**Student:** 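Sharing a structure here in structure tokens format.
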Amino acid sequence: MKSVKFGLQARFLAAMAIMLLVVIALLGTLLHRQKVMQQEVADLGREAMHGMVEDSLRRHGEATVDQLGDALANPLYYFDLDTIGSIVRSAQKEPDVSYVLVYDNQGRIIHDGTADIAVYGQTMTDPLAYEAVNARSMHTQWSAQIVDVSEPIMIGSERIGGVRVGYSVASVRAYEEKAITAARARLNELGARHLGWIALLLAALVAACVAIMVYAQRTLVRPIRQLARAAHDIEVGNYNGERMASERQDEVGELVRAFGTMSDSIARHDRDVRRMAYTDSLTGLTNRLAFRESLDHRLMMLRGAGRQLALLFADIDDFKRVNDTLGHEAGDEVLQQFAHRIRDAVELMGGDDALLARFGGDEFVILIQDGDVRGGATRLAEKLVAELGRPIVVQERQVFLGTSIGITLFPEDASGATALMKNGDIAMYQAKVAGKNCYRFYSRAMDQAVERRVRMEQELRGAWERGELSLMYQPVFRMADSRIVGAEALLRWQHPELGMVAPSVFIDVAEQSGLIESIGPRVLRAACAAAARWGSERDAMDPLFVSVNVSPRQLRSGDLPDVVAECLRDTGLAASRLHLELTETAVISDEAHASALLATLHRTGVKVWLDDFGTGFSGLSHLRRVPVDGVKIDRSFIADMLRDPDDLALTSAIIAMAHSLGITVVAEGVEKEGQFNLLRERGCDLAQGYWLGYPVTAAEFAQLVA
Ligand code: C2E
Ligand code: MG
Ligand code: MG
């Protein structure tokens with residue numbers, strides 16, 4: 001999953017953080033305002049207190065002085081110093097009183113409360129004295145330390161003196177200070193309490209934010225992340241993750257449920273598609289795709305465990321023939337029956353972990369990995385060869401098929417799936433080359449052989465068009481008079497790099513690849529055309545024939561009679577002058593089909609010879625059942641005839657037998673005069689070989705005849 005850079009969670013966090021910052025800023029301002037206000041309140045308090053204290057001090061002073069004035073009027077009038085003294089002293093006892101002075105009209109001190117009145121008669125010189133003495137009524141003055149209250153003392157309307165009382169401001173100031181301090185302490189206490197509340201509020205706010213975060217995380221972020229993960233799982237094809245479900249009755253719950261249903265249906269679809277994509281519809285077996293995936297997976301597991309594995313590639317031999325001759329429905333039926341047999345065999349011998357797949361066409365692949373895989377593979381291959389070699393009944397007809405199996409082992413032959421499958425294919429191909437209906441283990445030597453073959457096949461394609469293929473003609477002699485009676489057309493391939501390539505090498509490739517089906521008819525046409533020209537060189541009584549080799553594959557395709565008839569018509573060659581050479585094995589392997597075909601060919605007048613007679617020896621009795629006009633004794637018998645009495649006996653027997661059936665006998669590969677003489681002695685009809693004449697070009701052959 002792509003990592004989410006600035007996800008929901010982060011956004012929520014950021015929003016919360018911004019909100020908190022704003023709240024903290026607001027609270028900060030609030031706190032600051034509170035501080036300022038506290039200061040203002042304190043200042044105001046101080047001012048008020050100050051005024052109040054001064055006022056009360058003044059009033060108290062004035063009241064006291066007023067009383068004193070009244071009390072002193074008579075004593076002063078009678079100049080009773082004792083009474084004045086006692087009044088002054090009692091006034092001095094009052095709190096905060098610094099001094100009490102009684103003075104006369106000129107401002108001279110009469111009494112200061114002391115016993116000896118040391119200052120008696122002195123004029124008051126302190127800074128406040130002047131205003132006090134001159135005041136006509138109650139007068140109050142302030143200095144830094146003293147509040148001075150004075151009043152003239154009157155008798156009637158006559159002023160006889162005055163009294164001054166000085167109050168000390170210090171204690172009042174101290175009191176004032178104390179009161180202000182108390183008020184400030186109270187204010188601070190209030191502020192602290194306020195701060196506590198604010199802190200509490202802040203904490204509550206943070207807690208609320210955290211709670212909202214957690215809630216958002218639980219209700220939004222988590223389910224959305226889960227959904228994202230699940231979607232990612234689906235994206236990479238993992239449908240086995242936990243099923244998305246929710247009990248919630250809100251939009252998110254709905255979304256989660258809808259997603260769950262959707263992923264279920266995707267998984268179901270995926271399963272269906274996989275099933276369809278991974279099974280072979282005809283046989284119900286695993287198909288190539290699924291097999292390949294499973295193989296990859298198993299190889300990965302085995303690699304670590306150091307275990308072995310064997311792959312068997314089974315290809316039905318000549319399956320194409322069924323399709324060509326009986327139709328595709330029959331082909332499908334054959335595949336189903338074969339699949340059945342293979343499955344039974346694999347179940348019986350493949351072990352628990354065996355895996356069988358159809359690779360399309362007529363190819364089946366089996367994987368086994370239990371115990372001794374080489375031994376197991378061998379036994380299974382033997383069983384398959386035996387089982388699939390049994391005749392099969394399709395559309396009420398018995399069909400003989402077989403199977404070629406290639407086996408490759410992991411890790412001996414290859415460590416990768418691709419290489420293993422290639423090896424299996426190569427080994428299977430080698431089993432085909434080795435004669436089909438057998439099995440072969442892969443070996444490294446096979447690689448080169450196959451590579452060469454594959455290259456040759458590519459090069460052989462189009463070789464005719466490029467003019468690299470040509471025909472040589474080897475003269476065939478009549479033994480009785482040693483006259484040339486005809487020639488065998490032999491194909492040559494002038495390869496641009498390899499030079500002349502022998503048919504023994506490339507005919508096989510052409511046969512395996514099916515190329516012979518296009519080359520064959522061209523050879524036939526060219527040979528007929530050449531032979532048609534020879535007609536002019538010889539008298540009409542004894543016309544030259546041309547014999548053309550026909551591959552078993554051409555025989556099987558069924559249209560050989562048509563091709564032959566067409567060639568004869570187009571070239572104007574008389575049918576009796578064309579001989580077709582079929583191999584003994586090709587004819588015998590499907591006797592019924594061959595017999596019918598040969599009968600058709602006979603009716604057109606073409607002659608049919610059995611080539612390489614004796615090599616696929618299956619009894620002379622076949623000659624009775626297959627309508628042929630001649631046999632060509634294989635050159636291996638002729639070569640050994642002079643040395644090996646058995647070969648001589650066999651050759652003699654073939655000649656005798658053929659003659660008894662009215663069949664012509666041709667000896668191939670006559671290289672020595674002795675062979676020629678011996679064959680003539682035994683009554684052999686025709687002969688060809690290097691002693692008599694090498695294969696030559698058409699022009700050279702025409703000269704030879706002339
Ligand atoms: P084949 O039909 O048995 O042809 C005879 C082969 O024996 C020819 O080899 C020929 O050159 C060779 N030969 C003739 N006389 C002697 C002799 O005295 N000594 C020895 N050792 N060999 C001799 P070639 O041309 O290499 O052909 C090999 C095989 O290739 C042929 O065997 C035939 O089966 C196949 N072939 C050749 N041309 C064609 C063709 O046009 N179509 C098909 N289907 N097969 C062909
Ligand atoms: Mg031949
Ligand atoms: Mg031959």
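What's counted below: heavy atoms across the whole structure, side chains too, no hydrogens, waters or symmetry copies. Whatever order the structure lists them in is the order used to number ligands and atoms, beginning at 1. Because the structure is a prediction, the values reported are computed rather than measured.
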**Student:** Decide whether the shortest distance between a heavy atom of Lys632 and an atom of ligand 1 is less than 4.0 Å.
**Tutor:** no

**Student:** Any nitrogen or oxygen of Glu671 lying under 3.5 Å from a nitrogen or oxygen in ligand 1? Just yes or no.
**Tutor:** yes

**Student:** By number and element, which atoms of ligand 1 are closer than 4.0 Å to a non-hydrogen atom of Asp612?
**Tutor:** 3 (O)

**Student:** May I ask you to check if any N/O/S atom from Ser547 comes under 2.8 Å of the Mg ion (ligand 2)?
**Tutor:** no

**Student:** Indicate yes or no: does Asp280 engage Arg358 in a salt bridge with an N to O separation below 4.0 Å.
**Tutor:** yes

**Student:** For ligand 1, does Arg492 get within less than 4.0 Å through its side chain, its backbone, both, or neither, judged by non-hydrogen atoms?
**Tutor:** side chain

**Student:** At a 4.0 Å threshold, what atoms of ligand 1 neighbour a non-hydrogen atom of Pro695?
**Tutor:** 11 (O)

**Student:** For atom NE2 of His659, decide whether the heavy atoms of other residues, nucleotides or ligands shown that lie under 6.0 angstrom number more than 12.
**Tutor:** yes

**Student:** Give the atom name of whichever N/O/S atom in Asp611 sits closest to the Mg ion (ligand 2).
**Tutor:** OD2

**Student:** Report the name of the N/O/S atom of Glu488 located nearest to the Mg ion (ligand 2).
**Tutor:** OE2

**Student:** Answer yes or no: does an N/O atom from Leu490 fall short of 3.5 Å to an N/O atom of ligand 1?
**Tutor:** no

**Student:** Would Arg292 and Thr418 count as having a side-chain donor-acceptor pair, cut-off 3.5 Å?
**Tutor:** yes

**Student:** Have a look at ligand 1 and work out which part of Ala502, if any, has a heavy atom under 4.0 Å from it: side chain, backbone, both or neither.
**Tutor:** neither

**Student:** To which of Val670, Val548, Asn549 does the heavy atom nearest atom 36 (N) of ligand 1 belong?
**Tutor:** Asn549

**Student:** Report the member of Gln554, Glu511, Arg635 with the shortest heavy-atom distance to atom 7 (O) of ligand 1.
**Tutor:** Arg635

**Student:** By atom name, which N, O or S atom belonging to Glu581 lies closest to the Mg ion (ligand 2)?
**Tutor:** OE1

**Student:** Need the ligand 1 atom indices (1-based, order shown) with element for anything under 4.0 Å from a heavy-atom of Glu668.
**Tutor:** 1 (P), 3 (O), 4 (O), 5 (C)

**Student:** Evaluate Glu488 for polar contact with ligand 1, using N/O atom pairs at a separation under 3.5 Å.
**Tutor:** yes

**Student:** What is the distance from atom CD1 of Ile519 to atom CD of Glu511, rounded to the nearest 0.5 Å?
**Tutor:** 10.5 Å

**Student:** As a check for students: among Pro503, Ala526, Ser636, identify the option with a heavy atom nearest to atom 29 (C) of ligand 1.
**Tutor:** Pro503

**Student:** Near Gln448 CD, under 6.0 Å, is it more than 12 heavy atoms from other residues, nucleotides or ligands?
**Tutor:** no

**Student:** Quick one: do Arg455 and Glu451 satisfy salt bridge (charged side-chain N to carboxylate O under 4.0 Å, His left out)? Show the steps, please.
**Tutor:** CA-CA 6 Å; Arg455 235 187 66 205; Glu451 227 162 79; over 6 Å; no

**Student:** Looking only at the side chains, is there a donor atom on one of Ser404 and Asp315 sitting less than 3.5 Å from an acceptor on the other?
**Tutor:** no

**Student:** State which residues pass ring pair (Phe, Tyr, Trp, His ring centres under 6.0 Å) with Phe364; sequence neighbours excluded, sorted by chain then number.
**Tutor:** none

**Student:** Output the list of atoms in ligand 1 that are nearer than 4.0 Å to some heavy atom of Glu581, sorted by atom number.
**Tutor:** 2 (O)

**Student:** Does atom NZ of Lys672 have more than 12 heavy-atom neighbours, drawn from other residues, nucleotides or ligands, at distances under 6.0 Å?
**Tutor:** no

**Student:** Could you tell me whether Glu488 and Lys632 make a salt bridge, using a distance below 4.0 angstrom between a side-chain N and a carboxylate O?
**Tutor:** yes

**Student:** Write out all pairs satisfying side-chain hydrogen bond (donor to acceptor under 3.5 Å, both in side chains) with one or both partners inside residues 490-504, taking only residues at least two apart or from two chains.
**Tutor:** Glu459-His495, Glu468-Trp493

